[in-house]
Every structure is written in C-alpha cells, then in structure tokens.
Amino acid sequence: MAKKPAKNTICVWYDKDAEAAARFYAATFPDSAVGAIHRAPSDFPSGKKGDVLVVDFTVAGIPCIGLNGGPGFKHSEAFSFQIATDDQAETDRYWNAIVGNGGQESACGWCKDKWGINWQITPRVLTEAMAAGGEEARRAFEAMMDMKKIDVAKIEAARLGQAPLGR
C-alpha cells in the first residue's frame with residue numbers, strides 16, 4: 001500500500017536543481033531525506049520530457065516538494081526555513097554547510113543557500129530569550145542585531161546583562 005501524502009507539503013520552486021538541493025538538505029540536516037523523483041511526462045516550458053520535474057524530500061521532518069519550474073520566479077526572504085540549534089557547534093555546522101556550499105551570509109542568523117533559499121539558523125537560547133520578554137529579550141535582541149551568524153555566548157551574556165567572556 002502506498003504511503004498517503006502529507007496533508008500539507010511545502011512546495012519550493014527551483015530553476016532546475018531541485019534534486020541537487022534536496023540531496024544537499026538530506027545530507028546536511030537530521031530527519032531529512034530524498035523521496036521520489038518524478039520526471040516530466042512531456043515537454044514543458046522550462047524543460048523536456050524525461051527531465052526531473054518534481055522531487056519529494058523532507059527537511060528536518062517537514063515534507064516538501066521541489067519543483068523545477070524554471071527561472072520565472074525568484075526566492076526572497078518572505079520565505080525561509082528556520083532551523084533551531086542547541087549550541088554553537090550545531091549552529092556553526094549548519095551555517096557553514098549552507099554558506100560554504102555557495103551560499104551567502106545575511107544578518108541576524110539568516111543565510112541563503114546557493115539555490116536562493118533563505119535559512120534562519122536560530123539557537124534555542126535566542127528564541128528562549130525573546131520568549132522571556134522584558135529587558136532580557138531587549139538585551140538579546142540588541143546583541144543579535146549586530147550579528148550575522150548567531151554567537152551563542154554573546155546571546156547568553158546579553159540575557160544575563162553581562163559582557164561576553166573570551167569573545
């Protein structure tokens with residue numbers, strides 16, 4: 001019996017590299033995998049019969065499909081994947097994988113992969129500080145505003161109202 005598709009699936013538009021992107025995500029993030037690869041049954045505006053058209057994949061447990069729709073639509077920061085991290089090592093690992101594989105840094109924990117998909121690599125300590133509200137949230141927020149990749153030690157120090165040690 002075939003597995004029933006998810007009720008809600010994120011569709012991510014690619015020019016032509018949905019399969020490469022899905023394989024990169026599966027190799028980078030836990031609970032990620034590449035599923036079925038569907039080829040075009042006939043020619044279409046940005047490809048030919050037999051080209052990869054749709055790739056089923058999962059990113060950190062979230063079901064997605066990659067659609068090789070051609071160059072007609074570009075990605076923006078209006079959509080991003082947010083990956084929660086537990087420590088600096090995990091933050092560094094994901095950030096460096098994305099940026100080091102042809103991506104680019106942005107601000108406040110955001111980066112973009114080489115396919116133009118936006119990612120927020122967000123340590124839980126930052127999310128917890130924001131949820132705490134008040135002065136703790138303000139200090140953590142102000143510290144974050146000066147960062148590209150989030151520095152966990154600086155966020156922890158800001159939460160406590162202290163200067164970071166050794167950084």
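Throughout, residue positions are numbered sequentially from 1 according to the sequence presented.
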Does any N or O in the side chain of His75 come within less than 3.5 Å of the main-chain N or O of Tyr14, such that one atom is a donor and the other an acceptor?
no
Main-chain N/O of Ala89 paired to Thr91 side chain as donor or acceptor, under 3.5 Å:
no
All N/O donor-acceptor pairs, side-chain side in residues 36-44, below 3.5 Å, sequence neighbours left out:
from: His38; atom 1: NE2; to: Asp56; atom 2: OD2; distance (Å): 3.1
from: Arg39; atom 1: NH1; to: Gly50; atom 2: O; distance (Å): 3.0
from: Asp43; atom 1: OD1; to: Lys49; atom 2: N; distance (Å): 2.8

I'd like to know if the side chain of Asn96 reaches the main chain of Asp92, judged simply by a donor and an acceptor atom lying under 3.5 Å from each other, with no hydrogens or angles considered.
yes
Please assess Lys16 against Val52 for the test side chain to side chain contact (heavy atoms under 4.5 Å, CB included), listing each intermediate value before the final yes or no.
CA-CA 8 Å; Lys16 61 182 178 291; Val52 172; over 6 Å; no
Any donor-acceptor pair under 3.5 Å linking the side chain of Ser76 with the backbone of Ala78?
yes
Which of parallel (below 30°), tilted (30 to 60°) and perpendicular (above 60°) describes Phe24 and Trp115?
tilted
Are Leu67 and Val55 connected in a single hydrophobic cluster, I mean Ile/Leu/Val/Met/Phe/Trp/Tyr linked by side-chain heavy atoms less than 4.5 Å apart?
no
Looking at Glu77 and Lys112, is any side-chain nitrogen of the basic one under 4.0 Å from a carboxylate oxygen of the acidic one?
yes
Tell me if a side-chain donor or acceptor on Glu90 pairs with a main-chain N or O of Asp86 at a distance below 3.5 Å.
yes
Is there a side-chain contact between Ile83 and Gln120 (heavy atoms, below 4.5 Å)?
no
Verify same cluster id: Ile62, Trp110 (apolar side-chain graph, 4.5 Å):
no
Any non-hydrogen side-chain atom of Val99 less than 4.5 Å from a side-chain atom of Gln104?
no
Quick check against the 3.5 Å criterion: does Glu142 have a side-chain atom that pairs as donor or acceptor with the backbone of Ala137?
no
Residue pairs passing the ring-ring contact (aromatic ring centres under 6.0 Å, His included) test where at least one lies in residues 76-109, sequence neighbours excluded:
Phe29-Tyr94, Phe79-Phe81, Phe81-Trp119
pair Arg159-Arg139: side-chain heavy atoms closer than 4.5 Å:
no
To check you understand the geometry: which heavy-atom pair defines the closest contact between Gly61 and Pro63, and what is its length?
O-CD, 3.5 Å
Phe141: ring pair (Phe, Tyr, Trp, His ring centres under 6.0 Å) partners, not counting sequence neighbours:
none
If you group Ile, Leu, Val, Met, Phe, Trp and Tyr by side-chain heavy-atom gaps below 4.5 Å, do Val125 and Leu160 land in one group?
no
One thing to verify: whether Glu135 and Arg138 come together as a salt bridge, which I'm taking to mean a side-chain N less than 4.0 angstrom from a carboxylate O.
yes
Are Val152 and Met145 co-members of a hydrophobic cluster defined by side-chain heavy atoms under 4.5 Å apart?
yes
Note, Glu19 side chain near Asn68 side chain (heavy atom, < 4.5 Å)
no
Test your reading of the model: is there a side-chain donor-acceptor pair from Ser46 to the backbone of Gly69, 3.5 Å cut-off?
yes
Is Phe57 reachable from Ile65 through a run of I, L, V, M, F, W or Y residues, each pair having side-chain heavy atoms under 4.5 Å apart?
no
Are side-chain heavy atoms of Asp113 and Asn101 found at a separation under 4.5 Å?
no
